[in-house]
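All of these numbers come straight from a predicted model, not from anything done at the bench.
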Amino acid sequence: MLVNQIICQDTLTAMKAIEDNSVALIFADPPYWMRVEGTLHRVKGGAFDGCDDAWDNQFTDLADYERFTEAWLTECRRILHPDGSLWVIGGMQCIYSIGAIMQRLGFWIINDVVWQKTNPTPNFLGSRLTNSHETLIWAGKSEKSKVTFNYHTGKHLNTDTVTSDEHGRGIRKQMGSVWRIPVCRNTERLKDTQGHKLHTTQKPEDLLTRVIAISSRIGDLVLDPFGGTMTTAAVAKRLCRRYIAIDSSPLYCEYGQRRVDAVVEQLDDVAKATYDIKPVPVSMQKLLVSGLLVEGEGVFFEDRDLRATLTHQATLDFGDMVLDIHKAAAYVNQTSAPRLNGFPLWFVVRDGRRVSLDALRVLYRQQHGL
């Protein structure tokens with residue numbers, strides 16, 4: 001099987017040549033079957049060049065579209081790795097049909113994501129709400145799939161929401177299911193020799209960066225069965241993933257190949273998912289031996305006045321009982337869980353302010369080059 005290739009061929013034909021269970025991530029941007037009729041005019045009278053392409057208007061009715069959808073999704077299920085991810089994007093015209101077929105075929109839906117366009121095309125007639133979003137479905141091959149999810153990389157990419165910790169340092173919140181990203185514009189938009197946009201539905205690289213960065217690893221094989229302007233292939237290459245992109249249009253493949261050839265791999269923290277590399281464990285006993293904790297000092301629970309005394313065994317003495325920090329956290333929170341992670345919940349006083357045990361572990365790693 002050839003990889004790092006753009007295949008100019010019918011999608012179903014090309015997919016049949018791909019090995020079973022070989023693809024880690026599939027991003028599919030299929031025809032939406034927009035059912036566009038007539039000419040839509042802008043407010044000032046100019047014609048709007050929306051999606052009226054032959055590849056989108058090839059279907060005779062809903063049953064025809066559903067047969068097509070089931071065929072390509074069946075191939076996706078065959079070639080997707082048991083722990084791989086499938087992402088499908090669609091508009092209101094198609095995404096509900098696609099989602100139902102995905103579930104019928106056995107895919108396990110993990111999330112739906114709203115791509116909120118910050119610069120949507122207005123509704124020129126004022127006859128309905130502006131269509132300012134599209135929907136992505138993220139699914140695993142089955143309920144048992146252990147898909148890649150680079151959670152902390154997602155937080156890093158989530159520039160919309162930033163808060164601060166107790167030291168005033170910026171903390172990005174976890175990535176949610178609404179992504180505010182503009183549609184393609186300026187130099188990112190591919191143009192033909194007459195200066196017209198090459199593809200009516202080119203997706204922005206920021207959208208694909210999120211998809212690929214959070215749900216794949218370096219070296220994983222990424223497939224786009226409806227390559228178009230090859231945004232998926234370009235971003236996959238930049239993030240040091242292998243790729244296969246398929247499209248039946250020689251024009252799209254020609255321009256897409258030039259685009260991908262110009263991409264330079266960037267082996268940065270996003271590509272490597274450095275943020276998701278688990279740090280070296282640091283125990284309470286190590287903190288005590290290193291002097292970052294002191295036997296007999298007070299240990300406080302979050303922002304409460306509750307105080308325990310640190311013992312020489314790195315446990316917490318409450319006077320009537322002695323517990324490790326994790327059991328103590330569960331006990332204080334009155335939870336049914338036998339243990340909670342106590343490192344972010346327990347604090348000691350340093351220079352007149354409270355510092356979490358987690359912060360001391362970070363300091364330990366810095367001091368020891370871990």
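Ser142 contributes a side-chain N or O that, together with a main-chain N or O of Lys144, makes up a donor-acceptor pair within less than 3.5 Å. Side-chain N or O atoms of Arg217 include none that pairs as donor or acceptor with a backbone N or O of Thr148 at under 3.5 Å. With Asp206 contributing its side chain and Ile181 its backbone, the two residues share no donor-acceptor pair below 3.5 Å. Side-chain N or O atoms of Glu297 include one that pairs as donor or acceptor with a backbone N or O of Val294 at under 3.5 Å. Checked by atom type and distance alone, the side chain of Arg241 pairs as donor or acceptor with a backbone atom of Ala271 at under 3.5 Å. Asp269 contributes no side-chain N or O that, together with a main-chain N or O of Thr274, makes up a donor-acceptor pair within less than 3.5 Å. The backbone N or O of Leu105 lies less than 3.5 Å from no partner atom in the side chain of Glu70, so there is not a single donor-acceptor pair. Judged purely by atom type and a 3.5 angstrom limit, Asn158 has no side-chain atom pairing as donor or acceptor with the backbone of Gly154. Formation of a donor-acceptor pair under 3.5 Å by the Arg354 side chain with backbone atoms of Val349 is not found in this model. Of the possible donor and acceptor atoms, one in the side chain of Thr231 sits under 3.5 Å from a partner among the backbone N and O of Lys203.
Shown here for Ile98 and Pro30, the closest heavy-atom pair between the two residues is CD1-CG, 3.9 Å. For the residue pair Asp29 and Asp224, the shortest heavy atom distance occurs at N-OD1, 4.5 Å. Leu287 approaches Ser290 most closely through the heavy-atom pair O-OG, 2.9 Å. Closest heavy-atom contact between Ile95 and Val88: CD1-O, 4.2 Å. Minimum interatomic distance between Arg78 and Asp20 (heavy atoms only, all atoms of both residues): NH1-OD1, 2.6 Å. Nearest heavy-atom pair across Ala236 and Ile212 is N-CD1, 3.8 Å.
Sparse packing is recorded around OH of Tyr331, with 12 or fewer heavy atoms of other residues, nucleotides or ligands lying under 6.0 Å away.
The salt bridge (Lys or Arg N to Asp or Glu O under 4.0 Å) analysis of residues 90-100, with sequence neighbours excluded, yields no pairs.
Membership of the apolar cluster around Ile218 extends to Leu267, as traced through chained side-chain contacts below 4.5 Å between ILVMFWY residues. Residue Met230 belongs to a hydrophobic cluster whose other members are Ile6, Tyr243, Val260, with links defined by side-chain heavy atoms closer than 4.5 Å.
By the criterion of side-chain heavy atoms lying less than 4.5 angstrom apart, applied directly or through intervening Ile, Leu, Val, Met, Phe, Trp or Tyr residues, Ile79 is grouped together with Leu12 in one hydrophobic cluster. Note: the hydrophobic cluster containing Leu221 does not contain Val263 (ILVMFWY, side chain heavy atoms under 4.5 Å, direct or indirect links). There is no path of hydrophobic side-chain contacts, each under 4.5 Å, that joins Val178 to Leu208. Hydrophobic cluster membership is shared by Tyr151 and Ile110, with clusters built from Ile, Leu, Val, Met, Phe, Trp and Tyr side chains linked at under 4.5 angstrom.
For the side-chain hydrogen bond (donor to acceptor under 3.5 Å, both in side chains) test, no residue two or more places apart in sequence or in another chain qualifies with Arg128. A search for side-chain hydrogen bond (donor to acceptor under 3.5 Å, both in side chains) contacts involving Tyr364 returns nothing, not counting sequence neighbours.
Salt bridge status for Arg210 with Glu205: absent, with no side-chain N to carboxylate O gap under 4.0 Å. Using a 4.0 Å cut-off between charged side-chain N and carboxylate O, Lys237 and Glu265 make no salt bridge.
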- [ ] Apply side-chain hydrogen bond (donor to acceptor under 3.5 Å, both in side chains) to Asn150 and Thr153, showing your working.
- [x] CA-CA 5 Å; Asn150 297 320; Thr153 298; 5.0 Å; no
TODO: In sequence, state the C-alpha distance, the side-chain angles, and the governing distance for Leu293 and Val299, and then conclude on side chain to side chain contact (heavy atoms under 4.5 Å, CB included).
DONE: CA-CA 10 Å; Leu293 287 177; Val299 182; 5.8 Å; no
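Side-chain polar atoms of Asn21 and Lys141 form a donor-acceptor pair below 3.5 angstrom. For the residue pair Arg361 and Ser283, no side-chain donor N or O sits within less than 3.5 Å of a side-chain acceptor on the partner. Defined by atom type and a distance below 3.5 Å, a donor-acceptor pair is missing between the side-chain atoms of Thr229 and Arg189. Using a 3.5 Å distance cut-off with no hydrogens or angles, the side chains of Trp87 and Ser215 do pair a donor with an acceptor.
For Phe300 and Trp346, the ring centers sit 6.0 Å or farther from each other. Separation of the Phe149 and Trp138 ring centroids falls under the 6.0 Å cut-off.
Tested against His199 for a ring pair (Phe, Tyr, Trp, His ring centres under 6.0 Å), the candidates Tyr255, Phe226, Tyr252 yield a single pass: Tyr252.
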Name every donor-acceptor pair, under 3.5 Å, that has one atom in a side chain of residues 311-326 and the other anywhere in the protein, sequence neighbours excluded.
{"unit_1": "Thr311", "atom_1": "OG1", "unit_2": "Gln313", "atom_2": "N", "d": "3.2"}
{"unit_1": "Thr311", "atom_1": "OG1", "unit_2": "Thr315", "atom_2": "N", "d": "3.1"}
{"unit_1": "Thr311", "atom_1": "OG1", "unit_2": "Thr315", "atom_2": "O", "d": "3.4"}
{"unit_1": "Thr311", "atom_1": "OG1", "unit_2": "Thr315", "atom_2": "OG1", "d": "2.6"}
{"unit_1": "Asp317", "atom_1": "OD1", "unit_2": "Gly319", "atom_2": "N", "d": "2.8"}
{"unit_1": "Asp324", "atom_1": "OD1", "unit_2": "His326", "atom_2": "N", "d": "2.9"}
{"unit_1": "Asp324", "atom_1": "OD1", "unit_2": "Lys327", "atom_2": "N", "d": "2.7"}
{"unit_1": "Asp324", "atom_1": "OD2", "unit_2": "Arg339", "atom_2": "NH1", "d": "3.2"}
{"unit_1": "His326", "atom_1": "ND1", "unit_2": "Leu340", "atom_2": "O", "d": "3.3"}
{"unit_1": "His326", "atom_1": "ND1", "unit_2": "Gly342", "atom_2": "N", "d": "3.0"}

